[in-house]
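In the text below, chain A, chain B and the rest are named by the order of the sequence lines, each starting its count at 1.
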There are 2 protein chains.
Amino acid sequence: MEERQALSIFAALSQETRLRIVRLLVVAGEPGLPAGAIAEEMGTAASTMSFHLKELEQAGLVRSRRESRSIIYTAEYGALSGLIRFLMEDCCAGRREVCEPALAVATGCCAPDAPRACS
Amino acid sequence: MEERQALSIFAALSQETRLRIVRLLVVAGEPGLPAGAIAEEMGTAASTMSFHLKELEQAGLVRSRRESRSIIYTAEYGALSGLIRFLMEDCCAGRREVCEPALAVATGCCAPDAPRACS
DNA sequence: TCCATATTTCGATATCTCTAGAAACATTGC
DNA sequence: GCAATGTTTCTAGAGATATCGAAATATGGA
């Protein structure tokens, strides 16, 4: 991942509503959620939600598709794992203090007998 | 890591100069670098650098100590690994698409025969 | 075609962020 | 005590961001 996209993703995730949107969409999974449902869940005006969703889409964190009258948003898992990779490779440079704790978490998350949720 | 601190860290890292500062300090390691040296490296005014360093310190990404006339800044590795953990545990919830690629990176980074740098 | 629904774009406003010069503060050495 | 050095705080201004109502756009159904 290039620095420019990482900066863009950090900016996108630094806003409370947008972080909650990403969380919501990650849990929602493949089927995703229509913009209106997200706005209702967050308690914001439709236009405000549209603004935030555009930010997230431009950062590459979500993808949208039209389905009849609705526009359905889904999480882009690759952007999230790419960001984690960026943090480890960029911040690990020359040091292991960052990478090793991350390895421990990832190992716990992804063990064959781990529950579906990683926390 | 609490959502509040994660938001604060995302905001801190969403600014190009600050991201570069973190990178610089991670590489600098334990001895750290004085504010003036960082400002010179980045080509910013001392007051601007002070502003950014304060942001980073408030986010918990760096720590400062006085040494004679200089103030030395060092990276807080725990905040970085904590952020990675936050991303994995918060975004992995119910899904493995994020965690598994992260595990692959971390494994490569931290293998016994891996070079000091993780990328 | 016309109306209802879902969402985005536009316009305006309030707030926050970034920048750097000037002044203030802290430390050291003479 | 005084000057030099290193850093922070203050102040101000330019630019970016977040919010929402109103208007515009797109789709589906009667």
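Between A:Glu16 atom CD and D:dT19 atom C1' the separation is 15 Å, expressed in whole Å. Atom CD1 of B:Ile72 and atom P of D:dG6 are 11 Å apart (whole Å). Atom pair B:Gln58:CD and D:dT8:C1' shows a separation of 13 Å (rounding to whole Å applied). In this entry the distance linking CZ of A:Phe51 with P of D:dT19 reads 8 Å, nearest Å. Remark: P of D:dT5 and CD of B:Glu40 are 15 Å apart, rounded to the nearest angstrom. Taking atom CE of residue A:Met49 and atom C1' of nucleotide D:dG21, one finds them 16 Å apart after rounding to whole Å.
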Stepwise side-chain contact (heavy atoms from CB on, under 4.5 Å) test for A:Arg18 and A:Phe51: CA-CA 10 Å; A:Arg18 286 195 295 258; A:Phe51 168 79; 4.1 Å; yes
Can A:Thr44 and A:Met49 be said to form a side-chain contact (heavy atoms from CB on, under 4.5 Å), step by step? CA-CA 6 Å; A:Thr44 70; A:Met49 183 51 57; 3.4 Å; yes
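Residue A:Arg20 places its CZ atom among more than 12 non-hydrogen atoms of other residues, nucleotides or ligands, all under 6.0 Å distant. Residue-environment remark: CZ (A:Arg65) exceeds the threshold of 12 foreign heavy atoms within 6.0 Å.
Nearest heavy-atom pair across A:Leu13 and A:Leu19 is O-CB, 3.9 Å. B:Ile9 and B:Ala59 make their closest contact through CG1-O, 3.5 Å (heavy atoms, listed as atom of the first residue, atom of the second, distance).
The footprint of chain A on DNA chain C, defined by a heavy-atom cutoff below 4.0 Å, extends from C:dA4 to C:dT9.
Remark on DNA chain C: of its neighbouring residues A:Pro34 and B:Thr17, the 5'-side contact belongs to A:Pro34, judged by nearest-heavy-atom nucleotide.
At the phosphate of D:dT8, OP1 or OP2 sits under 4.0 Å from a side-chain N or O atom of B:Ser50. OP1 or OP2 of D:dT8 sits under 4.0 Å from a side-chain N or O of B:Tyr73.
Using a 4.0 Å heavy-atom criterion, one finds that A:Ala45 contacts the sugar-phosphate atoms exclusively. Residue-level contact check: B:Ala46 touches the bases, meaning some heavy atom is under 4.0 Å from a base atom. Among the heavy atoms of the strands lying under 4.0 Å from A:Ser70 are primed sugar atoms or P, OP1, OP2 only; no base atom is included.
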For nucleotides 13-16 of chain D, which of its nitrogen or oxygen atoms have a protein nitrogen or oxygen under 3.5 Å away, and what is each distance?
none

For a quick check, with a 4.0 angstrom heavy-atom cut-off, what is the B/S/- contact string for nucleotides 22-30 of chain D, read 5' to 3'? B---SBB--
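The closest donor-acceptor contact from the side chain of A:Gln15 to the backbone of A:Thr17 lies under 3.5 Å.
Judged by distance alone, the side chains of B:Glu57 and B:Ser64 do bring a donor and an acceptor atom under 3.5 Å apart. Between the side chains of B:Glu30 and B:Thr74, not a single donor N or O lies within less than 3.5 Å of an accepting N or O.
With a 4.5 Å cut-off on side-chain heavy atoms, B:Arg23 and A:Glu3 count as touching.
Under the 4.5 Å side-chain heavy-atom criterion for ILVMFWY residues, a single connected hydrophobic cluster contains both B:Val105 and A:Leu80.
Each of B:Val26, B:Leu53, B:Leu61 was compared with B:Ile21 under the side-chain contact (heavy atoms from CB on, under 4.5 Å) criterion, and only B:Leu53 meets it.
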